[in-house]
Amino acid sequence: AQSVTQLGSHVSVSEGALVLLRCNYSSSVPPYLFWYVQYPNQGLQLLLKYTSAATLVKGINGFEAEFKKSETSFHLTKPSAHMSDAAEYFCAVSGSSARQLTFGSGTQLTVLP
Amino acid sequence: DAGVIQSPRHEVTEMGQEVTLRCKPISGHNSLFWYRQTMMRGLELLIYFNNNVPIDDSGMPEDRFSAKMPNASFSTLKIQPSEPRDSAVYFCASAPASGMYNEQFFGPGTRLTVL
């Protein structure tokens with residue numbers, strides 16, 4: 001079984017500041033990990049995914065995430081926030097034998113001018 | 001390439017009415033998922049199909065909800081009768097047969113309001 005915990009349902013950063021969104025997972029099998037972004041009134045869009053090929057994963061829009069097995073974490077970062085990054089971000093986990101994704105509760109990112 | 005298509009985008013109905021939500025997955029994808037999103041419960045998996053066969057419907061709230069996938073290019077989620085607590089955004093997602101990592105592609109959602 002898999003589960004995901006996203007720490008902080010709301011995060012606010014100033015434009016140009018570092019973005020850090022936290023995700024911790026639990027999985028009984030080697031996990032596949034994902035970050036999705038949801039803009040207002042839209043569906044979820046894949047930002048990046050970890051598939052065991054590399055621990056540091058780069059995604060779209062300047063985001064990246066680092067898989068840390070010892071910490072069971074997959075935190076999402078971006079060096080410099082942009083106003084257009086304001087959205088809700090979801091971390092998700094899947095096991096190799098299951099097609100389902102288990103999603104976290106989401107983190108709403110606000111970018112302040 | 002067309003993404004996942006959902007219709008209608010918005011639906012407003014009265015309690016007790018039947019509601020049918022529709023989804024067209026991405027061509028070539030063999031897995032299809034229905035989710036419900038609410039402020040209180042977040043994103044919930046309702047049911048998923050693999051090769052048009054329902055695999056896991058443990059997330060379907062109750063017998064008022066039913067889902068079908070008559071062919072590889074179409075699925076419906078039906079609520080009969082609808083209740084105000086069914087108000088939510090319903091998402092359909094699909095995944096490719098060749099996808100090794102279970103990545104899902106989401107549609108834009110249907111916002112359902114039951115009065």
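Letters A, B, ... mirror the listed sequences (proteins, then strands); counts begin at 1.
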Whatever's closer than 4.5 Å to a heavy atom in chain B on Q38(A) counts as side chain

*Can you say whether L46(A) sits under 4.5 Å from chain B via the side chain, the backbone, both, or neither, judging by heavy atoms?*
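For L46(A), the contact with chain B is made by the side chain alone.
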
**Request:** Before giving the answer on side-chain contact (heavy atoms from CB on, under 4.5 Å), spell out for M60(B) and L77(B) the whole-Å C-alpha distance, their side-chain angles and the decisive distance to 0.1 Å.
**Result:** CA-CA 10 Å; M60(B) 296 286 263; L77(B) 178 68; 4.0 Å; yes

Exercise for the section: Verify the distance criterion only: is there a donor paired with an acceptor across the side chains of Q17(B) and Q80(B) at less than 3.5 Å? Expected result: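 Q17(B) vs Q80(B): no donor-acceptor pair found between side chains.
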
(Q) With no hydrogens and no angle check, just 3.5 Å: does a side-chain donor-acceptor pair link N24(A) and T5(A)? (A)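 Result is no, nothing qualifies.
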
Inset, instruction - Among R111(B), Q6(B), R9(B), Q37(B), single out the residue with the greatest number of heavy-atom pairs under 4.5 Å to chain A. - result: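 Ranked by heavy-atom pairs under 4.5 Å with chain A, first place is Q37(B).
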
| task | Determine whether the aromatic ring centres of F106(B) and F33(B) lie less than 6.0 Å apart. | result |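 No: the rings miss the under 6.0 Å criterion.
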
